[in-house]
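Contents: one structure, followed by commentary.
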Amino acid sequence: MAAVVLVGCTGDSDDGFRPGSVDLADPYAPGSGNGGYDVEHYRLKVRYDPAEDRLTGVAVVTATATQNLSRFNLDLTGLQADKVTVDGDPAEHRQDDGELIVTPSRKLKNLGRFTVEVGYAGVPQAVTDGVLGGSGFHHTDDGAIALGQPHSAATWFPVNDHPSDKATYDIEVTVPQGLAALSNGVPGERTTADGWTTWRWAERSPMASYLTTLVIGDYRLNVATHDGKPMVTAVPAAVPATGPQARTLSRTGEIADFLAGLFGPYPFESYGGVAVADPRIGYALETQSRPVYGPGFFRSGQPNYTVVVHEVAHQWFGNSVALNRWSDIWLNEGFASYAEWLWTEHDGGPSAQRTFEQQYEWTNWSQPALDPGLDQMFSTAVYRRGPVVVHALRRTVGDEVFFQILRTWTSERRDRTATTQDFIALAERISGRQLGSFFDAWLSGTTPPPLP
Ligand SMILES: [Zn+2]
C-alpha cells in the first residue's frame with residue numbers, strides 16, 4: 001500500500017522540506033536577496049529618533065513559499081531583530097553577516113502564503129561596500145537619508161533585497177514633531193501625539209527594494225495634484241524656496257508628461273521628488289515615484305532639468321519594468337540616459353541624432369554595456385554606450401517601430417521584471433527582423449559597429 005511506503009520515508013531529513021537559499025548569488029550584489037519564497041507585501045512601522053540615532057521597527061512581510069521551506073533568510077544589516085513570528089507563532093531566529101535566518105516552528109508548504117513579523121531596533125548603518133558611494137542609512141544633521149543601489153533597504157528593514165522580488169509597501173514612519181518623514185508612493189494620513197508625528201505612505205505598484213527611500217528632516221514640502229494623482233516634492237528648509245532645487249522639481253509633472261508622450265502612460269499612482277543637502281549623497285536615484293536628488297546637481301546655482309528627466313524616465317525603465325539581474329543594468333541606464341537626449345532635442349538643444357554621432361565617436365568599445373561587471377555597473381559603458389545602443393536600434397528599425405517597441409515593452413512588462421533577452425525578443429517581434437547580431441555588436445562588441 002502506498003500509505004505504508006509513505007510512512008516509511010517520512011523523516012526530518014528526507015521529508016521534502018529544505019532551507020531556502022541564503023543568497024541569490026547575483027555577482028553584482030553579493031549576499032543580497034534570498035530564495036525559497038516570493039514577497040508580496042511589506043508593512044513597515046519604523047520610529048526614528050535623530051537625537052539618539054536610534055531606529056525601532058516592526059516589519060510584517062507577506063510572502064508565498066516557492067518550495068517546501070524548513071528555514072529561510074531575510075537581509076538585515078546593522079540592526080538587531082528581537083522578536084520574530086511566522087503566522088503568529090514565535091520562530092527561532094539568528095543573525096549572521098547581514099542575514100536574518102528564520103526557522104519557523106511549523107514548516108512552510110510550497111505555494112503556501114505566510115506572514116513573518118519582525119520586531120527590530122538599533123543604530124542604523126550606511127552600506128560600506130557600496131559601488132555607488134553614500135548608500136544605505138545615513139544619519140544627517142537634522143534627521144536621516146536612506147537610499148542606494150544596488151542595495152540599501154536592508155539597512156532599515158528586513159527584506160528580500162533583490163530587484164527580482166518586487167512587492168507592494170505600506171510605510172509608516174514616526175519622527176519628532178516638526179520633522180518631515182518622506183518615502184515612496186501615495187501620502188496617507190499624518191497624525192501627531194506626544195510630540196511625535198507619524199507619516200504614512202503607500203506604494204501599491206510592485207517596487208524593487210533598492211527603490212525604497214526614507215528621508216527624514218527639516219524639509220519644505222509641496223503637496224499638489226498632477227493628472228489626478230498626488231505630487232509630493234520637497235527641498236531642504238535651509239535652501240531658498242525659489243532656489244534651483246525648488247525650481248527644478250517644480251517641472252517634474254511637465255517632464256513626466258513629456259516622457260509619457262514617448263513611453264506610454266506614467267506607470268505609478270503618485271509623482272514627486274526630494275532634493276537633499278547632504279554632500280555624501282553624490283548622485284540622484286530613481287526611488288519609486290519619488291526620486292532623490294543629491295546636492296551636486298544644483299551646485300551651479302541653476303536648475304537642472306536633465307537629471308529629473310533621467311530619474312523620471314526610470315519610472316518606466318527600471319522601476320515599472322525592473323531588472324531580474326543586475327548584469328542587465330543597461331536596460332535601466334541606457335533608456336534613462338536616452339531620455340535625456342530626447343529632452344535636450346525637445347528643449348532646443350542638439351538633436352538625438354547629433355548626440356548619437358558624438359557619443360559614438362567617444363564610446364570606449366572595449367567595455368561592454370551588457371554585463372559590464374560590478375565595478376563598471378555605474379560607468380560610461382552603461383551610461384554612454386547604453387543610449388548609443390538605443391539610438392542605433394531606432395536608426396535600424398525606424399522611428400515608428402522603435403517607439404512601438406518602447407511602448408509595448410512598458411505596457412507588456414509593466415509591474416514585472418525583464419532581461420535583455422526579453423527585450424531583444426520583443427524588438428524582433430515588433431520589427432519582424434532578426435536582431436541578435438545587432439545587439440551582440442552594439443552591446444558587447446569590442447570594435448565600433450558600422451553606423452546604421
Ligand atoms: Zn539612472
Verify whether one side chain among N73 and E99 offers a donor that lies under 3.5 Å from an acceptor in the other.
yes

Might you confirm whether atom NZ of K45 has over 12 heavy atoms from other residues, nucleotides or ligands at distances under 6.0 Å?
no

CG on L79 to OG1 on T155, rounded to 0.5 Å:
7.5 Å

So L100 and V118, do their side chains get closer than 4.5 Å, heavy atoms only?
yes

Please name all residues satisfying side-chain hydrogen bond (donor to acceptor under 3.5 Å, both in side chains) with R433, sequence neighbours left out, ordered by chain then number.
none

Modelled atom types, side-chain donor and acceptor of S32 and H162, under 3.5 Å:
no

Please walk me through it: do Y48 and I216 pass side chain to side chain contact (heavy atoms under 4.5 Å, CB included)?
CA-CA 9 Å; Y48 182 67; I216 296 168; 3.8 Å; yes

Test item: side-chain donor near acceptor, S164 and T417, under 3.5 Å
no

Quick one: side-chain contact (heavy atoms from CB on, under 4.5 Å) partners of P291, sequence neighbours excluded?
Y293, E311, Q315

Go through the steps to decide whether F438 and L393 satisfy the test side chain to side chain contact (heavy atoms under 4.5 Å, CB included), and finish with yes or no.
CA-CA 8 Å; F438 166 88; L393 174 66; 4.0 Å; yes

Those residues that, when tested against R204, pass salt bridge (Lys or Arg N to Asp or Glu O under 4.0 Å) (two or more places apart):
D170

Measure across T56 and A121 and return the closest heavy-atom pair with its distance rounded to 0.1 Å.
CG2-CB, 3.8 Å

Assess the side chains of S135 and S152: does a donor N or O sit below 3.5 Å from an acceptor N or O?
no

For R413, what residues pass the salt bridge (Lys or Arg N to Asp or Glu O under 4.0 Å) criterion, not counting sequence neighbours?
D422

Pair up each side-chain donor or acceptor in residues 235-245 with any protein partner under 3.5 Å, not counting sequence neighbours, and list the distances.
none

Measure from the side-chain N and O atoms of S270 to the backbone N and O of G185, and report whether any donor-acceptor pair falls under 3.5 Å.
yes

Heavy-atom closest pair, residues L249 and A234
CD1-O, 3.6 Å

Regarding E333 and R385, does a basic nitrogen lie under 4.0 Å from an acidic carboxylate oxygen?
no

Does a side chain donor of either N304 or T306 reach within less than 3.5 Å of an acceptor in the other side chain?
yes

Going through the distances and angles, do K166 and D415 end up as a salt bridge (Lys or Arg N to Asp or Glu O under 4.0 Å)?
CA-CA 8 Å; K166 296 167 86 175; D415 290 339; 5.2 Å; no

We want to know whether T287 and T213 form a side-chain donor-acceptor pair, criterion being a heavy-atom distance below 3.5 angstrom.
no

For E117, which residues count as a side-chain hydrogen bond (donor to acceptor under 3.5 Å, both in side chains) partner, sequence neighbours excluded?
none

R325: what forms a side-chain hydrogen bond (donor to acceptor under 3.5 Å, both in side chains) with it, not counting sequence neighbours?
D328

Hydrogens and angles aside, do D371 and Y28 bring a side-chain donor and acceptor to less than 3.5 Å of each other?
yes

Taking C-beta and beyond as the side chain, do Q288 and S205 meet within less than 4.5 Å on heavy atoms?
yes

Where does the angle between the aromatic ring planes of F157 and Y42 fall among parallel (under 30°), tilted (30 to 60°) and perpendicular (over 60°)?
perpendicular

What I want to find out is whether R200 reaches E172 closely enough, with some N-O distance under 4.0 Å, to be called a salt bridge.
yes

Donor-acceptor pair, side chain of R416 and main chain of A322, under 3.5 angstrom
no

Counterpart residues, salt bridge (Lys or Arg N to Asp or Glu O under 4.0 Å), relative to R354 (two or more places apart):
E357

Check the side chains of D23 and N34 for a donor-acceptor pair under 3.5 angstrom, ignoring hydrogens and angles.
no

Donor-acceptor contact present, side-chain S379 to main-chain D375, <3.5 Å
no

Listed partners of R384 passing salt bridge (Lys or Arg N to Asp or Glu O under 4.0 Å), at least two apart
none

Please find out if less than 6.0 Å separates the ring center of F403 from that of W409.
no

Summary of ring-ring contact (aromatic ring centres under 6.0 Å, His included) pairs that have at least one residue in residues 199-223, sequence neighbours excluded:
Y210-W326

Report yes or no: does W316 contribute a side-chain atom to a donor-acceptor pair with the main-chain N or O of G264 at less than 3.5 Å?
yes

Flag, side chain of Q376 to backbone of L374, donor-acceptor distance under 3.5 Å:
no

Looking only at atom types and distance, does a side-chain atom of E203 sit under 3.5 Å from a main-chain N or O of E269, one as donor and one as acceptor?
no

Taking all atoms of both residues into account, what is the closest heavy-atom pair of V307 and A284, and its distance?
CG2-CB, 3.7 Å

Is there a side chain to side chain contact (heavy atoms under 4.5 Å, CB included) between V39 and T62? Walk through the geometry before answering.
CA-CA 6 Å; V39 179; T62 308; over 6 Å; no

So H314 and H310, would you call those rings parallel, tilted or perpendicular, with 30° and 60° as cut-offs?
perpendicular

Name all pairs fulfilling the ring-ring contact (aromatic ring centres under 6.0 Å, His included) condition that reach into residues 268-288, sequence neighbours left out, sorted by first residue then second.
H226-Y271, Y266-Y271

Assign the ring pair F423 / F439 to parallel, tilted or perpendicular, where the plane angle (0 to 90°) is split at 30° and 60°.
perpendicular

Partners passing side-chain hydrogen bond (donor to acceptor under 3.5 Å, both in side chains) against R280 (at least two apart in sequence or in another chain):
D278

Tell me whether the count of non-hydrogen atoms from other residues, nucleotides or ligands lying under 6.0 Å of CG in D257 goes above 12.
yes

When you measure from the side chain of D75 to the backbone of N160, do you find a donor-acceptor pair of N or O atoms at a distance under 3.5 Å?
no

Quick check against the 3.5 Å criterion: does R47 have a side-chain atom that pairs as donor or acceptor with the backbone of G57?
no

State, yes or no, whether a side-chain contact exists between L426 and E412 at a heavy-atom distance under 4.5 Å.
yes

Under 6.0 Å between the ring centres of F137 and W156?
no

Could you grab the distance from atom OG1 of T64 to atom CG of D38, nearest 0.5 Å is fine?
6.5 Å

Check against side chain to side chain contact (heavy atoms under 4.5 Å, CB included), T168 and H41
CA-CA 5 Å; T168 53; H41 187 70; 2.8 Å; yes

Looking at Y305, is R251 sitting on its ring face, NZ or CZ under 6.0 Å from the six-membered ring centre and within 45 degrees of the normal?
yes

Quick one, W330 with F317, criterion ring pair (Phe, Tyr, Trp, His ring centres under 6.0 Å). Give me CA distance, side-chain angles, the key distance, then yes/no.
CA-CA 10 Å; W330 84 275; F317 295 97; 9.9 Å; no

Correct closest heavy-atom pair for M207 and L211 would be SD-O, 3.7 Å

Please determine, by modelled atom types, if Y338 and H391 share a side-chain donor-acceptor pair under 3.5 angstrom.
yes

At what distance, to the nearest 0.5 angstrom, does OG1 of T248 lie from CD1 of I255?
8.0 Å

